[in-house]
Structure formats: structure tokens, C-alpha cells
Amino acid sequence: MRDLDGTKGAATAGESETAGPPPRLSALGWARWAWRVLTSMRTALILLFLLAVGAIPGSMLPQTTVSEEQVRDFYVDHPDLAPWLDHLSLFDVYSSPWYAAIYLLLFVSLTGCVIPRALAHYRAMRARPPRTPRNLDRMPYSARFTSTAEPRTVLDEARGLLTRYRVDTREDSVAAERGHLRETGNVVFHLALLALLLALAAGAFLGYRGNMLVVEGDGFANTLPSYDSFDPGIAVNDNELQPFSFTVESMDVEFIQEGNFGGQAESYTADLTYREAPDAPEERHELEVNEPLSVDGAQVYLLGHGYAPEFRVTNAEGDVVFDQPVPFLSRDEATFTSDGVVKVPDAGDEQLGFSAVFLPSASESPEGELVSDFPAPRDPVVTLEGYKGDLGMDSGRAQSVYQLYTEDMESMGESPALSPGDTWTLPDGAGTITFTGYSDYASLQVNSDPARLPALVAASAAVLGLVATLFVRPRRVWVRARPDGNGRTVVEVAGLSKTEGAGTAADFHTLAVRLRDRLRERTTVDTATKE
């Protein structure tokens, strides 16, 4: 306030009456504002939270890149809900556009806020400790005492005690600080998080993932046609995959027999023989869940198992036109009741198709229905529903091997319950189908990620940086020594901690007491020497 007559107030009022609206931001101004908002730490935390929330559907719903069979089962169990979820890309969360947008914004936000912070921290580490404040008694910890030692002697002793600090000596004081490792850990954590995002993006760009079912006794070669589903990165050449191959020699599955957890899988094990290249020696590997086979930079994971009933089909002339196992998809993990389709396109004038249900442990329910009461094959039974006509395989329309299209086919009725070795004679002399037995199959996934090691290094660095942030306590100490005019020196010690800690004040007090005691000892020694 300049005067009490209101002159300044009147001028201000007059200016406000004539002043126009505030100037509008230009396009460049809006761009700068948007950049500041995007690169703020608050925005980065919000985006990180959204990324975590967006990953929840990926952990709760079956994902196409992990198991197409489970996605198909979800469609069967929830025919109305599944199309809506698929429209929102919730069956392929990590490759969805909305998840990629959050991921990209988080990467830009972290880059914009971490890089300047790292540069500022680098400059702070190279700078001198802050100048000694004028009033040390205003610090959270301060102590004062007098000594007969000279001010220069006091400062020399103080530097000797502050060996773990960065020390800067001024005219009448010593300024020291330590604990930069805390901010270093913070910067390392965020830089490692940025590197982890880069590694994950590089893995998605340079790597691939594929799923397949392999019946025991059958082999697999790492070529595109061998996969049931294949999800390559943008830079992956389908014709230059690692040339390894393997054979599933046997599949061993153990189920809990009794108790509250009876029927649950206890272990899955697949015995493999593999070659890293066609001319490489054959090796063996026991494949288990979470214990993949690592070969030529790729990992082969065991996801689960199922049953592949074996059928032999003869046509009207008695010729065998089909004789092989057919993988069935389990509809119920508790009982492994499984559904499958048998397609016989070479049966003669009319093609044959069968919709089948496999019951590993067949029994009769209280309602008189045939069900499976245990997932292990105690009493395997198959029921069939037959069709003859045109399978539609020559129409050019893509078909699933797990679905039978019966629009151009005529029903032949249902079979009786077939045990291994039983035969169903088809109506009208169309032939026969025999349930000859069953095999186990392994549900496998091949995952090739060249950025796996960089991602591990980045994650480890993030953990180390977080540990430093949690346990390192930055602090500053000042010691001032001034003559009091009576032949003594006034010594002031002050400390400032940037973090909360019950032991910080005690550490500062210990430093002040040690300095006082050392000055007393030195004064005593100097006096004795003079005498």
C-alpha cells in the first residue's frame, strides 16, 4: 500500500474497467501446456495406475495368445457376453489399441519427467554443498559449545569427523552433505522402469509366440504350418524361425485321488526328445509346468494336457479311410469331459462327420445321464453323433478343426456309449467307426523374446534403485567456528535430515559430542606439549 487516499486503488479499478479479456493461448502455448501436463509425475502415476488396471482383464479372462482353447470354451459357456468382450479386445488385452495407447503415453510421460530429473541430479552431485545458513539455531538439530582451540583447528577436526560426507570449507565454517545415493536410486528406478518398457516393446517387436497341441508320439518342427495359432512381432520373418524340433515321447499326468482337492491335477510332465537343428544331436528333456525347454533362444512351455481319442473309420466298401487320434478340448477341468470333431472327407460319395464327447471316467448320474466323475481315464467312453453329406471343406471357407458344419449334411443319429475296441455300424451301410483307444496330448507354447535378458537387467536395476530410495537417508551438516573476543572459540553444529528418522537427531548429537571431545583432547595435548 503506497498511500491511504485510495489513489492506487482507483487507478487499479479504472484499469480493470478498461482491461479486455485475457489473451488466448496460441497453438504453441497449448502444446507447451499439454507437454507440461503429460510429463508431470502426477500424470505418470495416473498412467501407471491405468496400465495396472488395464492388465486386470488380462489376468482374469482367457487370452488368445496364451490359450485359444480356453477362449473357445468361454465362447461356449458365455455366448452372449463373449462377443462384447472380444469387441473390446479383452481376449487380447496386451495387443489391444487402448492398452498400447496407455503404454505409449506412459513411456512418453516417463521420458519427459525422468530425463530432466536425471540431469538435474547430475548437476546437484557435482555442485558444492549448500552454503552455511546464517542462523544455525533454526535447524531441526543445533548445538553450541565453546573451546580454547583456534577456529581453524575446529574446522580441521570437523573435516576429520565428516569422512563419509562431501565436505566444502568456507571462511569460518564447514558444510557437508551425504545421501545423494537416495536420489540416485530414485533416478535409477525410473530410468530402469523406462528401460523395462523399452525392453517389453522390443520383445513384442522382435519376438513371437505360438501355441499348439502335440499328441504323445508325434513331433513338432518350428515352422509356421506346425502352429495352431501364431502371434509374430512386426520384425519377425516367418520363414526364418529357429530350426529346432522335438517329439513328445510320453505324457504323464497325476491327479489327486482323495480329499477336498480330489480330481485336481497334481503334476504334468512331458518327456521330450529334441534337436536344436536338423543336423544337431538328439537330446532329452523332461518338460514341466514353469520349467520350460530353452532351445536356440526360444522357450517351450507346458501349459496343460488333454485327451486325444483314437478312431478307425471304414467306408461302405470296408476300406479304412481314417485311422488316427483326434485332440479333444476339455469343457470341464474337474472331470475333463471333452468335446471333439472327427472329419472324414475321403469316405466315398458322401463325406462323414462326427460330433463326439469323451468321458474319461464314465458313470451314471442320479438323473440317469452318462457323465464323467473323475479326470483320469478310469473308464473311458465316447459318444458320437454322426452326419453324412458335404463337410464344406472344399468351399474355400476357413473351418475350425474343432467345429463341424452340418448345413449340407444329414444326421445319422447317435451312437451307443463306446468303450475302447467298440464299433458303431453306421446306418444305411455308410461304414463303421471304431473307438480304438486314446492318447494324451500336451498343450504347448513357444515363446521367443530376444529382449528377455535386458528386461531382467532393467527389473533388477529398478529393485536396487528402490532399495536405495527406501534405506539411504540424505542429510546435511554444518559446523561454524568463530572467536568470541575472550580468547575462546564458539562452535556451532547444526544438522538437517531430508527424511524422517528417529535416529537422525541422535546421530547429529553424537557428531557434536565427538567434535567437542576431540577438541578437548587436542587442547590438552597441545598444552602438555607447550609445558
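Side-chain atoms of Thr247 do not come within 3.5 Å of backbone N or O of Glu249 as any donor-acceptor pair. Checked by atom type and distance alone, the side chain of Ser59 pairs as donor or acceptor with a backbone atom of Ile56 at under 3.5 Å. Not a single donor-acceptor pair under 3.5 Å links the side chain of Ser361 to the backbone N or O of Pro375. In terms of modelled atom types and a separation under 3.5 Å, the side chain of Thr39 and the main chain of Trp35 share a donor-acceptor contact. Judged by distance alone, with hydrogens and angles left aside, the side-chain atoms of Glu282 form no donor-acceptor pair with the main-chain N or O of Tyr274 at under 3.5 Å. Side chain of Arg275 to main chain of Ala280: a donor-acceptor pair is present (N/O by atom type, distance under 3.5 Å, no hydrogens or angles). Counting only distance, with no hydrogens or angles, the side chain of Thr111 and the backbone of Phe107 share a donor-acceptor pair below 3.5 Å. The main-chain N or O of Val37 is found under 3.5 Å from a side-chain atom of Thr43 such that the two form a donor-acceptor pair. At least one donor-acceptor pair closer than 3.5 Å links the side chain of Gln257 to the backbone N or O of Phe255.
For the atom pair CG of Leu418 and OG1 of Thr436, the computed distance is 11.0 Å after rounding to the nearest 0.5 Å. Going from atom CE of Met412 over to atom CD of Glu385 covers 10.0 Å, rounded to the nearest 0.5 Å. With rounding to the nearest 0.5 Å, the separation of CD in Glu286 from CD in Glu291 is 8.5 Å. Put simply, CG on Leu272 and NE2 on His285 are 6.5 Å apart, with the number rounded to the nearest 0.5 Å. The NE2 atom of His305 sits 11.5 Å away from the CG atom of Leu213 when rounded to the nearest 0.5 Å. The structure places OH of Tyr208 at 4.5 Å from OG of Ser448, a figure rounded to the nearest 0.5 Å.
Taking the six-membered ring for Trp and thresholds of 30 and 60 degrees, His180 and His121 have ring planes inclined between 30 and 60 degrees apart. Classification of the Phe328-Phe358 ring pair by plane angle, with boundaries at 30° and 60°, yields perpendicular. Classified by interplanar angle (parallel below 30°, tilted 30° to 60°, perpendicular above 60°), the ring pair Phe244/Phe246 is parallel.
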Criterion side chain to side chain contact (heavy atoms under 4.5 Å, CB included) on Leu444 and Leu302, from CA distance to verdict: CA-CA 5 Å; Leu444 303 171; Leu302 176 61; 3.8 Å; yes

Steps toward ring-ring contact (aromatic ring centres under 6.0 Å, His included) verdict (Phe311, Phe354): CA-CA 11 Å; Phe311 298 96; Phe354 303 89; 7.9 Å; no

Residues Arg117, Glu183; criterion salt bridge (charged side-chain N to carboxylate O under 4.0 Å, His left out); working and verdict: CA-CA 10 Å; Arg117 185 170 182 174; Glu183 181 61 18; 2.9 Å; yes

Derivation and outcome, side chain to side chain contact (heavy atoms under 4.5 Å, CB included), residues Phe322 and Val342: CA-CA 9 Å; Phe322 186 94; Val342 181; 3.9 Å; yes

Trace of the salt bridge (charged side-chain N to carboxylate O under 4.0 Å, His left out) decision for Asp339 with Arg331: CA-CA 7 Å; Asp339 300 292; Arg331 69 166 80 154; 2.5 Å; yes

Verdict with reasoning, Val93 to Gln63, per side chain to side chain contact (heavy atoms under 4.5 Å, CB included): CA-CA 7 Å; Val93 168; Gln63 298 295 292; 3.7 Å; yes

Evaluation steps, side chain to side chain donor-acceptor pair (under 3.5 Å), between Ser96 and Ser89: CA-CA 6 Å; Ser96 62; Ser89 301; 5.3 Å; no

Steps toward side chain to side chain donor-acceptor pair (under 3.5 Å) verdict (Ser439, Glu310): CA-CA 7 Å; Ser439 298; Glu310 300 171 0; 2.5 Å; yes

Audit row: Lys388, Asp428, salt bridge (charged side-chain N to carboxylate O under 4.0 Å, His left out) steps and yes/no: CA-CA 11 Å; Lys388 62 180 180 179; Asp428 302 327; 3.4 Å; yes

Verdict with supporting geometry, Asp218 and Tyr441, side chain to side chain contact (heavy atoms under 4.5 Å, CB included): CA-CA 9 Å; Asp218 288 350; Tyr441 70 76; over 6 Å; no

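For the pair Met251 and Ala442, the tightest heavy-atom approach, listed with the atom from each and the gap, is SD-CB, 3.8 Å. Here the closest heavy-atom approach between residue Phe435 and residue Pro380 is recorded as CE2-O, 4.1 Å. When all heavy atoms of Tyr307 and Pro377 are compared, the pair lying nearest together is OH-CD, 3.1 Å. Listed here is the closest heavy atom pair of Tyr103 and Leu198: OH-N, 4.3 Å. Residues Val236 and Leu206 approach most closely at CG2-O, 3.3 Å, considering heavy atoms. Nearest heavy-atom pair, Pro232 versus Asp238, reported as atom, atom and distance to 0.1 Å: CB-OD1, 4.0 Å.
Within 6.0 Å of atom CG in Leu470, more than 12 heavy atoms from other residues, nucleotides or ligands are found, so the atom counts as buried in its surroundings. Surrounding CG of Asn237 are more than 12 heavy atoms belonging to other residues, nucleotides or ligands, all under 6.0 Å away.
A donor-acceptor contact under 3.5 angstrom links the side chains of Thr335 and Asp332, judged on distance only. Side chain to side chain, Thr432 and Thr314 meet the donor-acceptor criterion of an N or O pair below 3.5 Å. Defined by atom type and a distance below 3.5 Å, a donor-acceptor pair is missing between the side-chain atoms of Thr273 and Glu283.
Annotation: ring-ring contact (aromatic ring centres under 6.0 Å, His included) contacts of Tyr75 (sequence neighbours excluded): Phe91.
Counting heavy atoms from C-beta on, the side chains of Asn211 and Tyr227 never come closer than 4.5 Å.
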